[in-house]
Engineer: 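Below you will find the structure I want to go over with you.
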Amino acid sequence: MTASERGRLAAVPDPTERPAPPHIGLAEFAAALADGTTSSTEAVTSALDRIEASQPTLNAFRVVRRDKALAEAAEADRLIAAGTRLPLLGVPIAVKDDTDIAGEPTAFGCGGEFAPKTDDAESVRRLRAAGAVIVGKTNTCELGQLPFTSGAAFGHTRNPWAADRTPGGSSGGSAAAVAAGLVPAALGSDGAGSVRIPAAWTNLVGIKPQRGRISTWPHPEAFHGLTVNGPLARTVADAALLLDLAAGPHAGDLHTPAPVAVSDAIGRDPGRLRIALSLRIPFTATRTALDPQVEAAVRRLATTLRALGHSVTVADLHYGILIGASFLPRSMAGISRVSDAMPGAVVDPRTRANIRFGRLLGGPALFAARQAEPLLHRRIGSFFHDYDLVLAPTTATAAPRATEIDGIGVNDTNNLITAACPYTWPWNVLGWPSVNIPAGFTDDGLPIGAQLMGTASSEPLLVSVAAQVESELHWERHRPDPWW
């Protein structure tokens, strides 16, 4: 029996049993707390116990906030008893360790000693205002550079669907925590696919929202506009709810799109859409190829969309070289900027090489890269005169082995990550929304993802379509067979 088949069997609940709190949706979780079915103290204790039991094997967390989270859960129980109602009051969630939590360090995957932060990031402030209890900070690779979650400072984070595989990166700790049922949802960040890639490789929904939708404050923007914060969850509704609650500007943000209510799109009929199925790999300097099993899964998803009434046409996006020339300076200069703000960080030689490269690209090349974005918006935006959205693979392969990233040089690293993950980064350059949805499994039981891609502020449209597909495929019922 494959891992996929075991997961499907494990996903079928006993109808005589009440679902465990981590396996119900965020809104249902909050309702269970509000009506006294369980308490926040019980739910948070259970989540913390699962996290700590899994740490030696799954290794999803860099920081576990047991004492603080339990104190916050007790306060949530007091508020609930007093009649307070908030969307996530008392619900345990996690955030990625590039996001500040007051009283905790932000190591961003690096080794070294870091002082605790004095203030919450704006996204954390908003989640706390919604009542969430943040149980910990999840692992990420050094400065978010890789679609792997590993580093000398903490080891390898493993994929709940296969212990020898990576959950992806750089939000791999958040993805592993949600896929393993440690928490019902988590916040990640996406600078070149870092929410969508781990979502694809762990059978989750991952939303890369419009640039600025979720504030990156205390940074006015992250990685020169490439990186945005986004949710990972089992269902479209949970991901949309977490997005809505974390969204909103800080006065210091550089990007402040008009607000949208993404959760309102759940169950809304998007009408008959014109969808382009684009399997073409964007320009890379490395030889890449789409795995046949991934291609077959994405084509099956296209068939599902046709059955839902949409027009799906094979029509490849032609990104061109300019978009790659715009991505590289912003990415590398961003790595250098973050490194400069973390004196004393201990990092891999490959990271040090990227930091040096970023300093070279941080002048005229970076300026030119930023200036190219309006042209790219017009050129790629013209594709949407004929189509409403694009369906594409999220990755070119299923999850690689976690140790494949170990002990190799810069060139081999670049070849490895580009071969596996060539599809997601253009939408970071554009700043537009993209949603990963589960698309099935390989013959070996490894999850496959596909991304729905839209133009500026199209999150409601993408979410409405994703929810349509979920109602047909019910990927939320498929869970890994626990080994951790």
Side-chain angles (χ1 to χ4, degrees), residues 190 193 195-196 199-200 204-214 228-233 235-248 255-278 298 301-317 376-378 380-394 423-424 426-439 449-473 475-476:
D190 189 315
V195 162
R196 290 162 289 161
L204 298 178
V205 176
I207 302 178
K208 174 220 168 302
Q210 176 71 26
R211 182 185 298 145
R213 179 73 60 213
I214 299 177
V228 301
N229 295 323
L232 293 116
T235 67
V236 178
D238 279 358
L241 178 59
L242 192 62
L243 172 56
D244 280 342
L245 296 175
H255 310 285
T256 55
V260 294
V262 181
S263 294
D264 290 350
I266 303 294
R268 180 191 300 162
D269 184 357
R272 186 176 188 269
L273 300 177
R274 303 163 301 166
I275 301 174
L277 171 59
S278 180
V298 178
L301 195 59
T303 300
T304 299
L305 287 163
R306 291 187 185 103
L308 287 165
H310 302 296
S311 170
V312 183
T313 305
V314 176
D316 283 325
L317 268 170
L376 292 167
H377 281 162
R378 289 193 297 272
I380 296 175
S382 67
F383 187 83
F384 290 88
H385 296 164
D386 299 315
Y387 299 98
D388 299 301
L389 57 86
V390 175
L391 170 67
T394 301
Y423 280 102
T424 48
W427 246 242
N428 295 88
V429 175
L430 298 167
W432 294 342
S434 176
V435 178
N436 175 82
I437 57 175
Q451 55 179 337
L452 299 170
M453 304 145 71
T455 53
S457 295
S458 59
E459 293 101 323
L461 176 64
L462 298 176
V463 160
S464 67
V465 176
Q468 271 192 326
V469 178
E470 181 181 75
S471 69
E472 294 293 315
L473 302 184
W475 52 68
E476 78 281 3

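Computed from heavy atoms alone, side chains included, the values below leave out hydrogens, waters and symmetry copies.
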Engineer: Step by step, work out the side-chain contact (heavy atoms from CB on, under 4.5 Å) result for Ser457 and Arg213.
Structural biologist: CA-CA 9 Å; Ser457 295; Arg213 179 73 60 213; 3.2 Å; yes
Engineer: Between Asp244 (side chain) and Val262 (backbone), is there a donor-acceptor pair under 3.5 Å?
Structural biologist: yes
Engineer: Give a yes or no on whether the backbone of Gln210 and the side-chain of Glu459 come within a donor-acceptor separation of less than 3.5 Å.
Structural biologist: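 Judged by distance alone, yes, a pair lies under 3.5 Å.
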Engineer: By the definition side chain to side chain contact (heavy atoms under 4.5 Å, CB included), identify the one residue from Thr424, Val435, Leu462 that meets it with Gln451.
Structural biologist: Thr424
Engineer: Mind listing the closest non-hydrogen atom pair of Phe383 and Asp316 along with its distance?
Structural biologist: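 Minimum heavy-atom contact is CE1-O, 3.8 Å.
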Engineer: Indicate the atoms forming the closest heavy-atom contact of Ala239 with Ala233, along with that distance.
Structural biologist: N-CB, 3.6 Å
Engineer: To the closest 0.5 Å, what do you measure between NE2 (His310) and CG (Leu389)?
Structural biologist: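 One gets 8.0 Å once the value is rounded to the nearest 0.5 Å.
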Engineer: Working note: Trp427 + Val228, criterion side-chain contact (heavy atoms from CB on, under 4.5 Å); need CA distance, chi angles, decisive distance, verdict.
Structural biologist: CA-CA 11 Å; Trp427 246 242; Val228 301; over 6 Å; no
Engineer: So, do Pro209 and Leu243 sit near enough that their side-chain heavy atoms are less than 4.5 Å apart?
Structural biologist: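 When only atoms from C-beta onward are counted, Leu243 and Pro209 do touch, with a gap below 4.5 Å.
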Engineer: Which pair of non-hydrogen atoms, one from His385 and one from Arg274, has the smallest distance, and what is that distance?
Structural biologist: O-NH1, 3.3 Å
Engineer: What distance separates Leu308 CG from Gln468 CD, expressed to the nearest 0.5 Å?
Structural biologist: 5.0 Å
Engineer: Does the side chain of Pro460 reach to within under 4.5 Å of the side chain of Arg268, using non-hydrogen atoms?
Structural biologist: yes
Engineer: Would you find a donor on one side and an acceptor on the other, under 3.5 Å apart, between the side chain of Ser278 and the backbone of Leu317?
Structural biologist: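 Yes, Ser278 side chain to Leu317 backbone: donor-acceptor pair under 3.5 Å.
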Engineer: Is there a donor-acceptor pair closer than 3.5 Å between any side-chain N or O of Arg196 and the backbone N or O of Thr394?
Structural biologist: no
Engineer: Could you walk me through whether Val465 and Ile437 pass side-chain contact (heavy atoms from CB on, under 4.5 Å), step by step?
Structural biologist: CA-CA 10 Å; Val465 176; Ile437 57 175; over 6 Å; no
Engineer: Stepwise, does the side-chain contact (heavy atoms from CB on, under 4.5 Å) test hold for Glu470 with Ile266?
Structural biologist: CA-CA 11 Å; Glu470 181 181 75; Ile266 303 294; over 6 Å; no
Engineer: Rounded to the nearest 0.5 Å, what separates atom CG in Leu273 from atom OH in Tyr387?
Structural biologist: 13.5 Å
Engineer: Can a donor-acceptor pair be found between the side chains of Glu476 and Thr235 at a distance below 3.5 Å?
Structural biologist: no
Engineer: Main chain of Val429, side chain of Arg211: is a donor-acceptor contact present, judged purely on distance under 3.5 Å?
Structural biologist: yes
Engineer: Shortest non-hydrogen contact from His377 to Leu430?
Structural biologist: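 The answer is NE2-O, 2.7 Å.
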Engineer: For the atom pair CG (Asn436) and CG (Leu452), what is the distance rounded to the nearest 0.5 Å?
Structural biologist: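 Going from CG on Asn436 over to CG on Leu452, the span is 8.5 Å.
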Engineer: Do you know the tightest heavy-atom contact between Ile207 and Val463?
Structural biologist: CD1-CG2, 4.1 Å
Engineer: Nearest 0.5 angstrom please: Asp264 CG to Ser464 OG, how far?
Structural biologist: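 Those atoms lie 11.5 Å apart.
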Engineer: Taking the inter-plane angle between the rings of Phe384 and Trp432 on a 0 to 90° scale, is it parallel (under 30°), tilted (30 to 60°) or perpendicular (over 60°)?
Structural biologist: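 The arrangement is perpendicular - the two ring planes meet at more than 60°.
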Engineer: Return the CG to OG1 distance between Leu473 and Thr304, rounded to the nearest 0.5 Å.
Structural biologist: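 One gets 4.5 Å once the value is rounded to the nearest 0.5 Å.
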Engineer: Work out which heavy atom in Val236 is nearest to a heavy atom in Val205; give both atom names and the distance.
Structural biologist: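 Result for this residue pair: N-CG2, 3.8 Å.
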